[in-house]
**Student:** 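Here it is: the structure, laid out below.
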Amino acid sequence: DAALKNPDSWNLPKAAGGNPEGFLFPATYEIAKEDTAVDVLKKMTTRWQQAIDKLEVSRRASGTGFTVYQILTIASIVEVESGPKDYSKVARVVINRLRKPMRLQLDSTVNYGLGTTDLHLTQAQLDKDTPYNLHLHDGLPPSPIGNPGEAAIEAVLEPADGTWLYFVTVDIKKQITKFATTYEEFLKYKAEFRRNAG
């Protein structure tokens, strides 16, 4: 906690605005006995910078219409909302909704704002006004909701082609996600999810 309060000591990029979410790269790290919390955080931000450089995110972001920070934010949503095989399609849904414009209405961001990880949110949770409740607020959340890896970031930079506006993971155990263009299709998939969830 003390180390996190001094981000300059472990090279948190200025773009983070002091919030490390999205900048602590998920990877396997070798930690020595003598490593301090600052050393560990430095390893994570250094690895983050390596991934950003490798994917040429700064250069490629200009062609997307999004900033690097927005790409990280979308990638964090993509990683929480889906499995790797669906990253590029979920990225496309998020981008399509933002460009429409249409509220994202994602339970993952509601959960983040509430500090919960519930699969089934109550109406009271959905009505709770936090900056991360995208049922109530337009656009992206104010920060990433996790620390995305390379695959999720790449999916945002090169999303699948499609006109989808909705997606539902209809079977959590089998990780089956279906994508829809119309609200009617979405309701059908939502009903399928409820049947599978029991």
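We count residues from 1, following the sequence as given.
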**Student:** Is L187 reachable from I176 through a run of hydrophobic residues whose side-chain heavy atoms are each under 4.5 Å from the next?
**Tutor:** yes
**Student:** Is N96 reaching over with its side chain to a backbone N or O of V93, donor-acceptor style, under 3.5 angstrom?
**Tutor:** no
**Student:** Let me see the working for T36 and D39 under side-chain contact (heavy atoms from CB on, under 4.5 Å), right down to the final yes or no.
**Tutor:** CA-CA 5 Å; T36 65; D39 293 328; 3.2 Å; yes
**Student:** Determine whether F23 and M44 make a side-chain contact, defined as any pair of heavy atoms from C-beta on separated by less than 4.5 Å.
**Tutor:** no
**Student:** I'd like to know if the side chain of R103 reaches the main chain of H135, judged simply by a donor and an acceptor atom lying under 3.5 Å from each other, with no hydrogens or angles considered.
**Tutor:** yes
**Student:** Take I172 and F193 through the test side-chain contact (heavy atoms from CB on, under 4.5 Å) and record every step on the way to the result.
**Tutor:** CA-CA 8 Å; I172 301 291; F193 161 72; 4.1 Å; yes
**Student:** Where the side chain of D35 meets the backbone of V40, is there a donor-acceptor pair that is under 3.5 Å apart?
**Tutor:** no
**Student:** Between F186 and A180, which heavy-atom pair has the shortest distance, and what is it?
**Tutor:** N-CB, 3.7 Å
**Student:** Find the distance between CG (D161) and CD (E158) and round it off to the nearest 0.5 Å.
**Tutor:** 9.5 Å
**Student:** Check whether N147 reaches the backbone of L24 with its side chain - one donor and one acceptor, N or O, closer than 3.5 Å.
**Tutor:** yes
**Student:** Less than 4.5 Å apart, side chain to side chain, heavy atoms only: is that true for W48 and N11?
**Tutor:** no
**Student:** Using 0.5 Å steps for rounding, measure from the CG atom of L4 to the CG atom of L12.
**Tutor:** 9.0 Å
**Student:** Do the non-hydrogen side-chain atoms of T46 and F25 ever get within less than 4.5 Å of each other?
**Tutor:** no
**Student:** What is the minimum heavy-atom distance between S143 and Y69, and which atoms define it?
**Tutor:** CB-OH, 3.3 Å
**Student:** Closest heavy-atom contact between P159 and A91?
**Tutor:** CB-CB, 4.2 Å
**Student:** Would you say that T73 contacts P141 through its side chain, given a criterion of any heavy-atom pair below 4.5 Å between the two side chains?
**Tutor:** yes
**Student:** Keeping the roles fixed (side chain from E79, backbone from G149), state whether a donor-acceptor pair exists under 3.5 Å.
**Tutor:** yes
**Student:** Heavy atoms only: give me the nearest A152-V78 pair and the separation to one decimal.
**Tutor:** CB-CG1, 4.4 Å
**Student:** Got more than 12 heavy atoms from elsewhere within 6.0 Å of NZ, K85?
**Tutor:** yes
**Student:** State plainly whether the residues R195 and D171 are in salt-bridge range, i.e. N to O under 4.0 Å.
**Tutor:** no
**Student:** Rounded to the nearest 0.5 Å, how far does CD1 of I52 lie from CZ of R47?
**Tutor:** 10.0 Å
**Student:** Side-chain heavy atoms under 4.5 angstrom apart, residues restricted to Ile, Leu, Val, Met, Phe, Trp, Tyr: same cluster for Y29 and V38?
**Tutor:** yes
**Student:** Looking at L121, T116, V80, L119, which hits side-chain contact (heavy atoms from CB on, under 4.5 Å) with D107?
**Tutor:** L121
**Student:** Has the side chain of N196 got a donor or acceptor atom that lies under 3.5 Å from a matching backbone atom of V170?
**Tutor:** yes
**Student:** Does D129, at its CG atom, have more than 12 non-hydrogen atoms belonging to other residues, nucleotides or ligands within less than 6.0 Å?
**Tutor:** yes
**Student:** Assess whether side-chain contact (heavy atoms from CB on, under 4.5 Å) is satisfied between S76 and Y112, documenting all intermediate values.
**Tutor:** CA-CA 11 Å; S76 73; Y112 183 86; over 6 Å; no
**Student:** Walk me through it: do Q175 and T169 pass the test side-chain contact (heavy atoms from CB on, under 4.5 Å)?
**Tutor:** CA-CA 7 Å; Q175 292 191 332; T169 301; 5.6 Å; no
**Student:** What's the spacing between F179 CZ and Y189 OH if we round to 0.5 Å?
**Tutor:** 10.5 Å
**Student:** At what distance, to the nearest 0.5 angstrom, does CG of L104 lie from CG of N133?
**Tutor:** 11.5 Å
**Student:** For K43, look at atom NZ and say whether over 12 heavy atoms of other residues, nucleotides or ligands are found less than 6.0 Å away.
**Tutor:** yes
**Student:** Do S108 and E81 have side-chain atoms, one donor and one acceptor, less than 3.5 Å apart?
**Tutor:** yes
**Student:** What is the distance from atom CG of L136 to atom OG1 of T130, rounded to the nearest 0.5 Å?
**Tutor:** 8.0 Å
**Student:** Any heavy-atom pair between the side chains of V110 and Y132 that's under 4.5 Å?
**Tutor:** no
**Student:** So, for I71 and F66, which heavy atoms are closest and what is the spacing to 0.1 Å?
**Tutor:** CG1-CB, 3.9 Å
**Student:** With no hydrogens and no angle check, is any side-chain donor or acceptor of E185 less than 3.5 Å from a backbone partner on T182?
**Tutor:** yes
**Student:** Is there a side-chain contact between T177 and V168 (heavy atoms, below 4.5 Å)?
**Tutor:** no
**Student:** Taking the six-membered ring of Y166, is NZ or CZ of R97 closer than 6.0 Å to its centre and within 45° of its axis?
**Tutor:** yes
**Student:** Quick one, S82 and F167 - any side-chain contact, counting heavy atoms below 4.5 Å?
**Tutor:** no
**Student:** Taking T45's backbone N and O only, do any of them form a donor-acceptor pair with W10's side chain (distance below 3.5 Å, no angle check)?
**Tutor:** no
**Student:** Hey, are R60 and E154 close enough for a salt bridge, meaning a charged N less than 4.0 Å from a carboxylate O?
**Tutor:** yes
**Student:** Tell me yes or no: between the side chains of Q49 and D53, is some donor less than 3.5 Å from an acceptor?
**Tutor:** yes
**Student:** Just by distance, do the side chain of D118 and the backbone of H120 share a donor-acceptor pair under 3.5 Å?
**Tutor:** no
**Student:** Identify the two heavy atoms, one from P26 and one from P148, that lie closest to each other, and give their separation to 0.1 Å.
**Tutor:** CD-O, 3.6 Å
**Student:** Check whether any side-chain heavy atom of L114 lies under 4.5 Å from a side-chain heavy atom of K128, and answer yes or no.
**Tutor:** yes
